[in-house]
J.: 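Input: one structure, supplied below.
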Amino acid sequence: MDMILSALAEVLSPFALIMNLMGVMIGMIIGALPGLGSVVAISICLPFTFGMEPLQAMALLLGVYCGSNCGGSIAAVLINTPGTPQAAATSIDGFPMARLGKGGKAIGWSLSASIIGGLFSCVVLVVAAPTVASFALRFGPLETFGLILMGLTCISSVSGKKQLQGLIAGLLGLLLACVGMSPFTPDARFTFGLYALDGGMDTVAVIVGVFAIAEVIDRSERMLHEKQGTVINVNKLSMPKLSEYKGRIWNLIKSSIIGTIVGILPGTGATTAAFIAYGEAQRSSPRRDKFGTGEPDSIIAAESSNNAVTGGALVPSLALGIPGDPVTAIMLATFILHGITPGVRLMVDNPAVVYGIFIALAVANLLMYPCCCVTTRIFNYLLKTPEPILMGLITVLCVLGAYGSRGNFNDVAVTIGSGIAAYILRRCGFPMPPIVIGLVLGQQFEMSIGQMLLYKADMSWWTYIAQSPIAMCLFAVTALILIVPLVRHKMSSQAA
Amino acid sequence: MKKQDVISGILCVGLSLILYTQTFTSDAVIVFEDNINPMQYPRALIALLAFLGSILTIRGLLQKEDKTDIPIFSRRTLGIMVLLLVYAAIFNATGFFVSSVIACFGVSVVMGWRRLGILFAACIVALILIWALYTYILRIPLPTGTLF
């Protein structure tokens, strides 16, 4: 209890609160600008956390995470172009509603559903994360290896239809994690004779390059091929009255549950959650005939589920140190940056930080209301921001961020190099999240292999694995995660 | 033939060969008594990379080309890449301010912005704000170089 109160005091301290508010505002603005998304928003903000305490840093990033999820829906409603992929389902009914002159109301529905979905997932996070973490404390080297292996298989699920490219990208991430000193011996690996690489690749520099710099290069050409829709003017946000929720509460709860569960599953993400919840609402809503014409049920389903993913995705990340998506991978990288080791011992070693994260996430969800009011009012001006100037400034911020992480000039070169390489890989069809997941989990994975080999000693593999039912379960789940998409793909291609 | 996959696959195999040669460069490899060689794990990853790269190449040879309207390398993307490399090269030597003005200005111009007066003013104001943010709030010293 003392720990919770002290975390509460720290999260509600003026600086942490301002960081949380700024995070939500920045996230909402970047989320509202079509083309950029949650990952780019967090990559841009990550370098600003260097001088902060871990909890203040997490408050900023969680704010950006929640804000960008919600901000994307403003663009989806007002210009029929989702600011983030997860807001695509919102535009199906949000834009028709705005065209009927109820844009403020549509954003109101979207915002209230987002807040409720986000808070629901916070409750699940508070209950589930400590339970899972206390169970995971029993894990030995073999179980830890199984767990990290399971985390790495989410590379397969985040890769969508590009499984092979995803696996290659994941391997590149694992190899990037090998650069520098070996965890077992004083040998430098893959440094090509450069002493600057002895300390390894800076995770922040690579993340900023892979997501933000690659995005700048990509946008330079892509912006020529995109048409901007007409903006529907909205000056005032109109929140739905309690009476208007009549008959919609179950839809709200059900969609929040869907979002939270999808968030917990590795590699699925908010877009999947929004479309599953939308599909379920379309199937079960008494007003399903009105879907597509401006029906709030559809907006509620899409928004509550996509924001409920935030808390859900943090469950495996905080309890087990397994990132389910690129955003949580960046969060784990932030822990490493601040000297905190993510993994099963995170909740035991740093309970104040973890409880603080629970509270900061809830506060970020509540802060979305004032930030959304402001963003809706200035949305017209935001869209007029000249993209070339914005991209120029993002470039400078990215490079400074990479430099600032260790004050090392080589990190600038790593950022630019990884950005250019990531752009080429991306355009060749390689998904980017596996690189970051491989990079974040790489060192732990190698360590766990080493520890496992030491513990195994002269035992046969079968005897060693058979001693641990937990490890066997983890290996079975890993195999299922890998096999199920392949079987599904095979079945769908046979059906076609 | 899917050219992108074939080239990517060949590059993966080439990269794995280069990396494999790097696993023999260390003279002071200390092997633990439990046979944990620091190069064993990377070698396994490299072998897997070469294997997957080969599959990608073969699959690319068998598949049809996907057509896209947006070229990978265009004048704009190449321009931005060159600017980024120049930025990295002069960042330390000329210092934050000069290099960042060149980068910010250059990226915006390459991306099609033509009102140079407004752009220059916006760059200067934004960079002063960023410098103040780093120096006074984040307390991260930025390189001053020879030209500030």
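Throughout, a chain's letter reflects where its sequence line sits, starting with A, and its residues are numbered from 1.
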J.: How are the rings of B:F91 and A:F409 set to each other: parallel, tilted or perpendicular (split at 30° and 60°)?
T.: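 If you compare the ring of B:F91 with that of A:F409, the planes turn out parallel.
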
J.: Mind jotting down which residue pairs meet the side-chain hydrogen bond (donor to acceptor under 3.5 Å, both in side chains) criterion with at least one end in residues 439-448 of chain A? Sequence neighbours excluded, please.
T.: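 For residues 439-448 of chain A, and leaving out neighbouring residues, the side-chain hydrogen bond (donor to acceptor under 3.5 Å, both in side chains) pairs sorted by first residue read A:R189-A:E446.
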
J.: Would you be so kind as to tabulate the donor-acceptor pairs closer than 3.5 Å made by side chains of residues 41-62 of chain B, with sequence neighbours excluded?
T.:
from	atom 1	to	atom 2	distance (Å)
B:R43	NE	B:T23	OG1	3.2
B:R43	NH2	B:T23	O	3.2
B:S54	OG	B:A50	O	2.6
B:T57	OG1	B:I10	N	3.4
B:T57	OG1	B:G53	O	2.8
B:R59	NH2	A:Q165	OE1	3.4

J.: For the CD1 atom of A:I168 and the OG atom of B:S8, what is their distance to the nearest 0.5 Å?
T.: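 If I round to the nearest 0.5 Å, the distance is 8.0 Å.
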
J.: Can you give me the closest heavy-atom contact between B:L142 and A:Y403, atom names plus distance?
T.: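 Between these two residues, the closest heavy atoms are CA-CE2, 4.2 Å.
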
J.: With a 4.5 Å heavy-atom cut-off, do A:R427 and B:Q4 have their side chains touching?
T.: no

J.: Step by step, work out the side-chain contact (heavy atoms from CB on, under 4.5 Å) result for A:I217 and B:L84.
T.: CA-CA 10 Å; A:I217 303 173; B:L84 289 170; 3.8 Å; yes

J.: Indicate yes or no: at least one non-hydrogen side-chain atom of B:N92 is less than 4.5 angstrom from one of A:V412.
T.: no

J.: Quick check on A:M201: does its CE atom have over 12 non-hydrogen neighbours (other residues, nucleotides or ligands) under 6.0 Å away?
T.: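 Above 12, so yes.
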
J.: Provide the closest heavy-atom pair for B:L19 versus A:F190 in the form atom of the first, atom of the second, distance.
T.: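 Shortest heavy-atom contact: O-CE2, 3.4 Å.
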
J.: Side chain, backbone, both or neither: which part of B:I18 has a non-hydrogen atom closer than 4.5 Å to chain A?
T.: side chain

J.: Given heavy-atom pairs under 4.5 angstrom as the criterion, report whether the side chain, backbone, both or neither of A:I420 touches chain B.
T.: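 Just its side chain gets close to chain B.
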
J.: Check whether A:I213 gets within reach of chain B through its side chain, its backbone, both or neither, counting any heavy atom under 4.5 Å.
T.: side chain

J.: Taking atom CG of B:L133 and atom CZ of A:F48, what is their separation to the nearest 0.5 Å?
T.: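 Here the rounded value is 5.5 Å.
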
J.: Using non-hydrogen atoms and a 4.5 Å limit, figure out which bit of B:P71 sits close to chain A: side chain, backbone, both or neither.
T.: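 Contact with chain A involves both backbone and side-chain atoms of B:P71.
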
J.: Measuring heavy-atom distances to chain B, does A:L172 have an atom under 4.5 Å in its side chain, in its backbone, in both, or in neither?
T.: side chain

J.: With a cut-off of 6.0 Å (strictly less than), are more than 12 heavy atoms of other residues, nucleotides or ligands near OH of B:Y136?
T.: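 Count not over threshold, so no.
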
J.: Does any backbone or side-chain atom of A:F430 lie under 4.5 Å from a heavy atom of chain B? Answer side chain, backbone, both or neither.
T.: side chain

J.: For A:Y423, is it the side chain, the backbone, both, or neither that has a heavy atom closer than 4.5 Å to a heavy atom of chain B?
T.: side chain

J.: Sub-4.5 Å heavy-atom contacts with chain A: which residues of residues 100-110 of chain B show up?
T.: B:S100, B:C104, B:V107, B:S108

J.: Can you list every pair that meets side-chain hydrogen bond (donor to acceptor under 3.5 Å, both in side chains) and has a residue in residues 190-202 of chain A, with sequence neighbours left out?
T.: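 Of all non-adjacent pairs touching residues 190-202 of chain A, those that pass side-chain hydrogen bond (donor to acceptor under 3.5 Å, both in side chains) are A:D202-A:S405.
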
J.: Please look at B:L85 and chain A and tell me whether the side chain, the backbone, both or neither of the residue comes under 4.5 angstrom of a heavy atom of that chain.
T.: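 Contact with chain A: backbone and side chain both.
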
J.: Side chain, backbone, both or neither: which part of B:L78 has an atom under 4.5 Å from a heavy atom of chain A?
T.: neither

J.: By a 4.5 Å heavy-atom criterion (distance strictly below it), what part of A:I416 contacts chain B: side chain, backbone, both, or neither?
T.: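 The answer is the side chain of A:I416.
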
J.: Is it the side chain or the backbone of A:C178 that comes within 4.5 Å of chain B heavy atoms, both, or neither?
T.: side chain

